Amino acid sequence: MTETVLNVEVSISNKNVIRTCSIQDSRLSFSDTKGTVEVPFQHVVASNFHPDSKILEVTYVWRKKGKGPLRFAELKGTVKDSSLDTAKEWCEKLNGKAYEGVKRNRRLKVLINPHGGQGKAVSLFKTKVEPVLRAAGCSLDIVETTHNGHASEIASELDLDSFDAVLTVSGDGLVHEVLNGFSKHAEPAKALTMPLAPIPTGSGNALSINLMGIKDGFDVVAASINAIKGNPMATDVFLITQNGKSSISFLSQTVGLMADLDLGTEHLRWMGDTRFFVGFLQGVLKFKTCEIELSYKAAELDKKKMAETLRGRHKPPESGISSLPAAEPLATTLQPKYSTTETDGWTTFDKPVVYTYAGKGPYVGRDYMAFPASLPDDGLIDIVAYSKSSRMDLLSSLDAAPKGQTFWNENVSYIKAHAYRIKPLSKAVRLSVDGEYFPSDEFQVEVLPKYALLLSLYGTYALDSDFTL
Ligand SMILES: Nc1ncnc2c1ncn2[C@@H]1O[C@H](COP(=O)(O)OP(=O)(O)OP(=O)(O)O)[C@@H](O)[C@H]1O
């Protein structure tokens, strides 16, 4: 049996200290006279032993005092009292535990939007992300996007056999571009089996929050762990058809107050995602009716039933590594299944609304869990229609929104649908798709089941363990 303990002499503040490194059931621990550090295997990046020098290097991520963002760290020292073979086997054992069920040394295409969010993507990548990816033995092909649409162009021509995953160092906008680029690839079905992993450096990082959870959703180091260890999770996306043209939306479409608060606060980009809060308050003051006609092909309208289904599906993030089999998305074409004139089986919403929001993935932003009943692969889109009530009711959603509790608000109609369409009745209606501006024209949305693969450590959306609906 392989030894589980190695003694390593490390130098700390010019003093040599012996650290006992021990592989335990679910974690690695380092102990010396000052105490013990415990690292779950999921947070171990790599271990290497150099027989000539007897030097052991273990790279990992950790939180200072168990709180705050993850930091990259290295334990480096000389192995004492063990044979070369023992040290080598120890390393292999640790790497085996750290990468159970996943391929190591991934080949990654990295797309960085230098202008996304607060403009820090390049430096965050270099200082926080790249060290983790390099230590994990990944090979990197890095491109900084130079213009709007660049990521889409790259994705549409990607050499699919040369990469294991695409990383977007950006917000949600680049993910939107990459998926649309894949759909225009010479081999679209194959391109869409390329797993995607977001590294959150935009102002809207909803996908990252949905995959990593609220605590880690803005943490680029946590996202790097997902990039090296996540398993592909098949996820539904949407086909949005407008003016005869179809494209992919992967996150959300919104009109009314929620679109205004995003598109109307571009000039406040320097605030990060606080600009959405400012936009919300402006929207409450104006309290405008959103002049639209909303129709949908409903699958479920009963909130209690949705909550029950959810309870059966979600599991909380664990420190273990998911060993899900790689999922394959169903190949479909970009042809809408439902005609835009079809009315049979469609319902028209009959109350004035302040906004509608439709999409997939619980969070649309850090402070708004718009779709708590969302599942990655139920083949449905969740639609929220907020009926016009009072400013006070709207304001009260500020409290309820981060935990998804607006779901139960009686003014919130929550619809699970196969498809829906919106006809703007005024030119003032703004449409935001995945956080990007779209023309204010009639559009229809339907679900493309399991069309994209997202890397995930948990195999489902990462909701807090105490989350209930
Ligand atoms: N070099 C560039 N110059 C200008 N725009 C770019 C560049 N590279 C990418 N973009 C565009 O920036 C937009 C925002 O992308 P990104 O995903 O990084 O951020 P976001 O969080 O969605 O939005 P935000 O811009 O609000 O941070 C996308 O539409 C993308 O096409």
Side-chain angles (χ1 to χ4, degrees), residues 109-126 128-129 141-158 166-184 196-212 217-220 223-224 226-227 237-238 240 247-254 258-280 357 359-361 363-368 370 430-439 452 454-455:
K109 182 84 185 178
V110 181
L111 305 177
I112 308 178
N113 175 4
H115 297 288
Q118 289 165 304
K120 295 181 186 157
V122 174
S123 69
L124 282 170
F125 180 77
K126 285 198 174 131
K128 308 242 181 238
V129 180
D141 179 341
I142 304 166
V143 180
E144 285 181 30
T145 54
T146 57
H147 52 275
N148 178 278
H150 192 183
S152 185
E153 290 157 25
I154 293 168
S156 70
E157 289 165 4
L158 195 70
V166 172
L167 263 53
T168 52
V169 185
S170 68
D172 297 314
L174 234 57
V175 180
H176 175 94
E177 279 200 17
V178 169
L179 287 171
N180 278 287
F182 284 162
S183 73
K184 294 185 192 111
L196 277 181
I199 306 286
T201 60
S203 31
N205 299 305
L207 179 61
S208 182
I209 300 173
N210 288 328
L211 293 174
M212 301 301 299
F218 274 58
D219 187 329
V220 293
S224 311
N226 185 38
V237 296
F238 312 115
I240 174 164
S247 59
I248 292 178
S249 157
F250 75 100
L251 192 64
S252 66
Q253 311 87 39
T254 181
M258 291 297 175
D260 297 344
L261 76 79
D262 180 359
L263 302 174
T265 57
E266 285 282 339
H267 60 293
L268 302 176
R269 184 169 287 276
W270 54 271
M271 289 184 172
D273 65 346
T274 307
R275 74 179 164 98
F276 302 136
F277 173 70
V278 173
F280 180 78
Y357 224 133
K360 181 142 303 249
Y363 288 95
V364 295
R366 196 182 338 223
D367 298 322
Y368 187 18
R430 280 200 268 211
L431 166 62
S432 166
V433 175
D434 299 344
E436 304 292 310
Y437 166 84
F438 262 57
L454 304 173
L455 290 182

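One-based numbering, in listed order, for ligands and for the atoms of each. For clarity, every value in this text was computed on a predicted model and none was experimentally measured.
Between the CZ atom of Phe125 and the CD1 atom of Ile112 there is a distance of 5.0 Å, given to the nearest 0.5 Å. Separation of atoms CG (Leu455) and CG (Leu167) is listed at 7.5 Å; rounding is to 0.5 Å. Summarising the geometry, atom CD belonging to Glu177 is positioned 8.5 Å from atom CG belonging to Asn180; distances are rounded to the nearest 0.5 Å. In this structure, CG in Leu196 is found 13.5 Å from NZ in Lys109, a value given to the nearest 0.5 Å.
Heavy-atom contacts of Gly202 reach the following atoms of ligand 1: 21 (O), 27 (O) (cutoff under 4.0 Å). The ligand atoms of ligand 1 that sit less than 4.0 angstrom from a heavy atom of Gly149 are 31 (O). Per-residue contacts place Thr146 under 4.0 angstrom from the following atoms of ligand 1 (heavy atoms of the residue considered): 1 (N), 2 (C), 3 (N). Near Arg275, the atoms of ligand 1 lying under 4.0 angstrom from a non-hydrogen atom of the residue are 26 (O). Those atoms of ligand 1 with a heavy atom of Gly116 less than 4.0 angstrom away are 18 (O), 27 (O).
At least one N or O atom of Glu436, backbone or side chain, sits closer than 3.5 Å to an N or O atom of ligand 1. Considering backbone and side-chain N/O of Gly204, one or more are found under 3.5 Å from N/O of ligand 1.
In this structure, Gly435 has no heavy atom closer than 4.0 Å to ligand 1. Assignment of Glu177 to the shell around ligand 1 is supported, since a heavy atom sits closer than 4.0 Å.
Considering Asp434, Thr168, Val175 as possible partners of Leu207, the one that fulfils the side chain to side chain contact (heavy atoms under 4.5 Å, CB included) test is Val175.
Centroid-to-centroid, the aromatic rings of Tyr368 and Tyr357 come within less than 6.0 Å.
Here the side chains of Ser224 and Lys128 are not in contact, with every heavy-atom distance at 4.5 Å or above.
Of all heavy-atom pairs between Asn205 and Gly171, the closest is OD1-CA, 3.4 Å.
With atom 21 (O) of ligand 1 as the reference point, the heavy atom nearest to it among Ala206, Ser170, Ser203, Pro200 is part of Ser203. The residue among Thr168, Leu111, Thr145, Asp434 with a heavy atom at the shortest distance from atom 8 (N) of ligand 1 is Thr145.
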